Amino acid sequence: MSTLIDRRPSGSRADAQRDRLHRRLRSRIQKAVEEAAAGQSIERIAHGEKRLIVPTKDLHEPRFRHDWNGGTWDRVFPGNREFRAGDRIPKPPSGAGEGGSTASVDEGQETIGVWLKPEEFLDLLFDGLELPRLRRSAEGDLEEFQWMRSGFIRDGSPSRMHIGRTMRTARSRRLALRAAKKRALTQRQAECEELRREIAGREAQGEEARIERDRLAELETEIAALERQIRAIPFIDESDLRFAHSTPQARPKHRAVVFYVMDVSGSMEAPHRELAKRFFLLLYLFLERHYPTVETVFVKHHTEARECSEEAFFNSEESGGTVVSSALELVQRILHARYPADDWNVYLAQASDGDNAGFDNARVRSLMEELLPQLRAAWFLEVLQNRPTDLFHLYERIAMLHPHLSVVRASENAEIYPLFRELFRRTENTPLE
């Protein structure tokens, strides 16, 4: 999550205004993140820092100031020959400004640039989203242990030494040990300078300065000793070493699997595949960020279906007709063999252009009605069609009997992310079972 750093002391009367300011700024950043997700490549979103432009209008904290001249000012400035006090100055017509015919008369908008790390960007991108109807694992398998950062320790493996914290500790130690000695050194040096001036004055008057010379020699000896002591303070001491420490922390474990099913037939041209991949990549990043233990199964199909790797799923291009039931049959076989619904939270995400063989729709309906009682949720995305296809209407009729099946359509990239947020929006009235 993005962090707002505010070093002003708390407890003041401005705390409420400051909190409201932070909420407004966070909402602006959230909106900028959503706009970036709608327009940028998903692959670019997942890597590298992001710079977002956020308008600063209405972000300034409200404050009071004295108005020494009253609330209303009526002034006529020197050089004015056209207007009198109380006149209203008409707004110039479009393009009538001094900047020429191409100059804009719109009011400028002040903005700020916000840099977000990849993890901060993804946290905001998927803020408020969750896997619906996620059920906890069976009794006895409720927790898993994950290594989490838990500060720093003095002993550890050299590979886990934290350079920054070690150098800060060493600097603090050097400053503390040198402080008293440097004060004493400065004091002795000042005394030396004073004695030298006094000796020079006595000698100029022909007076004896033996005592002062003996004291000067003592001070020079003390100065040399203090300088040696300061130089002897090591740059890094063994006591300065700090090592990153991690401890295992228990957290609830969810046994879940998500089936990715994509149509790769000849009718799925490049624009169709781009929309489908955009949806699947958002889902993949969401699960990787918030549900790292969830397993994934990738299935692609045309007239036949097969399980494939992540790379083959997102990058393959094939041809042929479309038989959607082949993918559903494969999902059913994998589910029964490896992910029994009694022990697993099973989800199905499917994308297609809806161009299915007519004879296959009856088989699709039969398989979906068998699968849906075993699924926690399912999503069907139809891409780049002018009007809903027969397959889309079929899924809509099935969804009327099974509300945990969501059926949506998209025709351009900008529609994918809003659809994704709608499908995975957190609902307070559906707690974990």
Side-chain angles (χ1 to χ4, degrees), residues 1-3 26 29-52 114-134 144 146 148 251-264 271-300 307-316 345-352 376-381 383 406 408 410 412-427:
M1 303 292 288
S2 62
T3 303
R26 180 178 176 82
I29 296 176
Q30 177 80 48
K31 184 177 179 181
V33 165
E34 294 177 3
E35 291 174 352
Q40 295 183 11
S41 166
I42 300 299
E43 291 89 343
R44 291 180 58 192
I45 286 175
H47 304 90
E49 291 187 341
K50 304 293 180 295
R51 184 174 185 268
L52 303 176
V114 179
W115 284 97
L116 297 180
K117 295 180 180 179
E119 57 271 18
E120 294 173 332
F121 188 90
L122 292 177
D123 281 339
L124 285 169
L125 187 68
F126 301 125
D127 183 39
L129 305 184
E130 67 178 3
L131 277 176
R133 304 175 67 223
L134 184 61
E144 63 178 353
Q146 183 180 19
M148 304 290 290
R251 67 175 187 177
K253 181 178 180 180
H254 308 294
R255 299 184 69 186
V257 59
V258 178
F259 285 87
Y260 294 68
V261 178
M262 182 163 63
D263 181 359
V264 293
H272 299 79
R273 290 195 302 271
E274 174 63 25
L275 288 173
K277 288 178 182 179
R278 193 174 187 86
F279 174 77
F280 285 127
L281 280 169
L282 277 172
L283 178 57
Y284 182 81
L285 291 173
F286 169 60
L287 296 177
E288 188 180 54
R289 184 68 184 159
H290 293 288
Y291 299 92
T293 60
V294 170
E295 296 192 20
T296 54
V297 177
F298 297 97
V299 175
K300 59 180 182 178
E307 184 178 357
C308 61
S309 66
E310 171 195 335
E311 183 178 358
F313 182 83
F314 285 108
N315 297 304
S316 64
N345 294 279
V346 184
Y347 298 89
L348 173 66
Q350 182 181 359
S352 171
R376 305 303 295 168
W379 308 278
F380 175 75
L381 170 66
V383 295
S406 300
V408 294
E412 56 184 28
N413 285 344
E415 296 177 356
I416 296 296
Y417 180 68
L419 281 175
F420 185 86
R421 287 202 66 87
E422 182 64 26
L423 293 175
F424 292 91
R425 186 179 67 248
R426 181 181 298 129
T427 54

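Quick caveat, the model's predicted, so the values are computed rather than measured. In this chain, numbering begins with 1 at the start of the sequence shown.
Remark: Glu295 pairs with Val257, Tyr339, Trp344 by the side-chain contact (heavy atoms from CB on, under 4.5 Å) rule, at least two apart or across chains. Applying the side-chain hydrogen bond (donor to acceptor under 3.5 Å, both in side chains) rule to Glu412 yields no partners; only residues at least two apart in sequence or on another chain are considered. Annotation: side-chain hydrogen bond (donor to acceptor under 3.5 Å, both in side chains) contacts of Glu307 (sequence neighbours excluded): Arg338. Listed by chain and residue number, Leu381, Val408, Ala410 satisfy the side-chain contact (heavy atoms from CB on, under 4.5 Å) test with Leu419 (two or more places apart in sequence, or in another chain). The ring pair (Phe, Tyr, Trp, His ring centres under 6.0 Å) check on Tyr284 picks up nothing, with sequence neighbours excluded. Taking Phe280 as the reference, Tyr260, Phe313 meet the ring pair (Phe, Tyr, Trp, His ring centres under 6.0 Å) condition, with sequence neighbours excluded.
Across every non-hydrogen atom of Phe279 and Leu423, the tightest pair is CE1-CD1, 3.9 Å.
Taking the six-membered ring where the residue is Trp, Tyr417 and Phe420 present parallel rings, their angle staying beneath 30° rather than reaching 60°.
Side-chain contact check for Phe259 versus Gln350: every heavy-atom pair is 4.5 Å or farther apart. Inter-residue side-chain proximity for Ser406 and Phe424 is flagged as unmet; no heavy-atom pair is nearer than 4.5 Å. At a threshold of 4.5 Å between non-hydrogen side-chain atoms, the residues Val294 and Asn345 do not count as touching. Taking the side chain as every heavy atom from C-beta outward, Leu282 and Phe126 approach each other to under 4.5 Å. Looking only at side-chain heavy atoms (C-beta outward), Arg376 and Leu134 stay at 4.5 Å or farther from each other. Contact check for Phe314 versus Phe298: side-chain heavy atoms found under the 4.5 Å cut-off.
Side chain of Arg426 to backbone of Asp127: no donor-acceptor contact under 3.5 angstrom is found.
Of the options Val297, Val299, Val261, Val258, a side-chain contact (heavy atoms from CB on, under 4.5 Å) to Leu348 is made by Val261 and by none of the others.
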Pair Glu274-Lys277, salt bridge (Lys or Arg N to Asp or Glu O under 4.0 Å): steps then yes or no: CA-CA 5 Å; Glu274 174 63 25; Lys277 288 178 182 179; over 6 Å; no
